[in-house]
Amino acid sequence: MPSSLLLLLKQTERRIETGLQPLLDEFGLSIEQWRVMSALHEEPGQPMSVLAEAAVLPAASLTRHVDKLVERGLVLRRIHPDDKRRIVTALSPVGATVADRIATAQRELEAELADYFQMEIHERSGSATQR
């Protein structure tokens, strides 16, 4: 296991992305589009500026990904009811169904990784006490 937290996090991110790829391919989604949908799954009705941060995407990229998701009927985009200058986004009913399925697979992958890390931590702490 790498000692660098940054490297460990990137490797973990990659394992989750690789594990989700077959399901993302099934739905014709990129990992960036899934990050948008995942953020909306967790918190519907986000303004675009908040969504960009939650999905870890630059605003220009976010707009492009949201446009594609809207075209496919997975995301809805509306004018904010209290502030006509702001746009809010949420999953459509179809998008919510897709997000539920992918989120379930993601939770399973995350649980497997958590078990793996618990074993690694246990093994490391055992070998450290034997020294």
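Treat the numbers as computed from the prediction; the structure is a model and nothing was measured. Below, all heavy atoms of this structure are taken into account, side chains as well, without hydrogens, waters or symmetry copies. The residues of the chain are indexed from 1 along the displayed sequence.
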Donor-acceptor pair, side chain of S61 and main chain of L57, under 3.5 angstrom: no
N/O donor-acceptor pair under 3.5 Å between S92 side chain and L76 backbone: no
Within one Ile-Leu-Val-Met-Phe-Trp-Tyr cluster: V56 and L9, side-chain cutoff 4.5 Å: no
Salt bridge (charged side-chain N to carboxylate O under 4.0 Å, His left out) assessment of R107 paired with E110: CA-CA 5 Å; R107 282 190 299 274; E110 289 168 353; over 6 Å; no
Non-hydrogen atoms of R72 and F27 that approach each other most closely: NH2-O, 2.5 Å
Between R35 and S38: side-chain donor-acceptor atoms closer than 3.5 Å: no
Short side-chain to backbone donor-acceptor contact, R15 and L109, under 3.5 Å: no
Q46 side chain to A39 backbone, donor-acceptor under 3.5 Å: yes
Considering all heavy atoms, the nearest G95-M37 contact: O-CE, 3.5 Å
W34 and E17 side chains, donor-acceptor separation under 3.5 Å: no
Side-chain heavy-atom pair V88, L51 within 4.5 angstrom cut-off: no
V50 reachable from V75 in the ILVMFWY side-chain graph, under 4.5 Å edges: no
Heavy-atom pair with the smallest gap, counting every atom of P47 and R86: CG-NH2, 2.8 Å
Exercise: identify the closest heavy-atom pair between A99 and H41: CB-CD2, 3.5 Å
Least distance between heavy atoms, L29 atom then Q21 atom: O-NE2, 4.5 Å
Minimum heavy-atom distance between D83 and I79, given as atom pair plus value: O-CG2, 4.3 Å
